Number of protein chains: 2
Amino acid sequence: MDHGNDIQEYPRPALTVDCVVFGVDLEERDLRVLLIQRDHPPFKHKWALPGGYVHLEESLEEAARRELAEETNVTDVYLEQLAVFGDVDRDPRGRIVTVAYSALVTLRDYDLRGATDARDAAWFSVDEVEQLAFDHDRILALACARLRQQVLQEPIAFALLPAAFTLTQLQRLYEIILGTTLDKRNFRKKVVSLGLLERLNAVERHVAHRAAWLYRFDQREYQRKKKRGFRFAL
Amino acid sequence: MDHGNDIQEYPRPALTVDCVVFGVDLEERDLRVLLIQRDHPPFKHKWALPGGYVHLEESLEEAARRELAEETNVTDVYLEQLAVFGDVDRDPRGRIVTVAYSALVTLRDYDLRGATDARDAAWFSVDEVEQLAFDHDRILALACARLRQQVLQEPIAFALLPAAFTLTQLQRLYEIILGTTLDKRNFRKKVVSLGLLERLNAVERHVAHRAAWLYRFDQREYQRKKKRGFRFAL
DNA sequence: TCAAAAGTGTTGGGGGTACACCCATGT
DNA sequence: ACATGGGTGTACCCCCAACACTTTTGA
């Protein structure tokens, strides 16, 4: 980086963060994304990704968390940097570069009806979304592609489930994200053989059939194995 | 993105691009990175990644290409966005956010001794680099990790080789990047079975042993297969 | 003729895929 | 009793890993 020149010499692009927040609805078998409706031009009344300006005294990830909390009341999420979008004309008002983050949450934790600050935030099924503001369609498309790719190579799916879950829920989650169906026996064999699931001493409640065992993802064990060169794969 | 507020309301971080330019030296069996020596404080005389400020009228990738050409005379490279680094204190002079790109070039194409604008650019073996300026060590480490990962999942290695190459060169390249040794027969079987290599009607010249066939990577065929759902894998 | 790298096949094992039935529970 | 999903085992096939010798060429 050539920082020999004075730091103030050039006019600067504006810098924002945007968040692609994913949640799954296991009952509806639906991958959802959290959007907010704009109430100012440009793109007034269009839906857009939550986000906003980066302040000077906060890191990019801090900015993403802050905006997410302010606009949608969503907190404590798994956040990951996705990409930067910096085309010259991506915003009609001028040069605005945005850093996109993707976030994974469990849908039930965030009932937006209860959120006070969230004026017009709502969950949309990802394949029903269309015509978002700015280049947010592109950002969402990349986020979906990356999610599908990552879910096979890193144990991020668990961030979309409650702490205790059944193997069937886990399988359904993978099916929703990948858009395929999976063989029950093979899925269970593989996922159990990874040695990362702990079967709890508890079963589902209030189901009109045989209750399934509950499992939790063993984060500590995963970290241990990862250090020894273990690579997670579906 | 909440663009309801006026675009000029907040003070903005400065925005730069930095490039991690990789090249391989097949003779020395070395993965190299291109660095420039700083001639102003901070970090005067330290080595750093080439890069500089993003102008208002150019995209991020254009900025990366421009800075690379200006500082090192390197042009026509395969460029890919790596990540954004935006910690508040990553630059002692103030808030500077940088977009890191990684680039792959064939070493022989860019003899820096012949470059006129490149004051103090030089190739370094990646495992001999230490104590770069700013957080460039972190950026380089991420770039190396990503390169190792990507080389197994996308046919990017060919961007590091001349257009016509031997299978042994290709194998050596993989060995250099992955830091392992590979079995010659298994490697050739796998790489040929992908159906992406075209054997040219030509062999190596000026070698003191049996001359090897030359191959080229069939970019068109790769694009065709990719559209049909084909996924490259080592 | 020697040195140096090119080129080539087979075998065994592990993991992935395909596939169908009985079990436990709540109503 | 019945409906609903929970839970389990086997056989085959393919791909990966391990492994050594002959061929070609220039010096």
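Chain naming here is simple, since letters A, B, ... match the order of the sequence lines and numbering starts at 1 in each. This structure is a prediction, so every number in the text was calculated from the model and none was measured.
- If you measure from atom NZ of A:K184 to atom C1' of D:dT4, you get 11 Å, rounded to the nearest angstrom.
- To the nearest angstrom, C1' of C:dG9 lies 17 Å from NZ of B:K190.
- One interatomic measurement links the two molecules: CG of B:L182 to P of D:dC16, which rounds to 13 Å at whole-angstrom precision.
- Atom NE2 in B:H209 sits about 21 Å away from atom P in D:dT22, given to the nearest Å.
- B:Q153 and B:Q149 are not linked by any side-chain donor-acceptor pair at a separation below 3.5 angstrom, with hydrogens and angles left out of the test.
- Within a 6.0 Å sphere centred on CD of B:Q223, other residues, nucleotides and ligands contribute more than 12 heavy atoms.
- For the pair B:W213 CH2 and D:dT24 P, the computed distance is 12 Å after rounding to whole Å.
- Between A:R210 and A:K189, the residue whose closest nucleotide on DNA chain D is further toward the 5' end is A:R210.
- In this structure, A:Y215 atom OH and D:dG6 atom C1' are separated by 10 Å, rounded to whole Å.
- Candidate nucleotides D:dC19, C:dC19, C:dT17 were compared by shortest atom distance to the side chain of B:N186, and D:dC19 ranks first.
- Residue B:A208 is the one, among A:L234 and B:A208, whose nearest nucleotide of DNA chain C lies closer to the 5' end (criterion: closest heavy atom).
- Taking atom CZ of residue B:R185 and atom P of nucleotide D:dA18, one finds them 12 Å apart after rounding to whole Å.
- Remark: the B:R188 side chain and the C:dA6 base include no donor-acceptor N/O pair separated by less than 3.5 Å.
- Note on A:T166: nothing from the nucleic acid sits closer than 4.0 angstrom, heavy atoms only.
- In this structure, A:E27 places its CD atom 14 Å from C1' of D:dG5, rounding to the nearest Å.
- Both cation-pi conditions hold for B:R199 and B:W213: the charged atom is under 6.0 angstrom from the six-membered ring centre and inside a 45 degree cone around its axis.
- Remark: A:E130 CD is loosely packed, at most 12 non-hydrogen atoms of other residues, nucleotides or ligands lying under 6.0 Å away.
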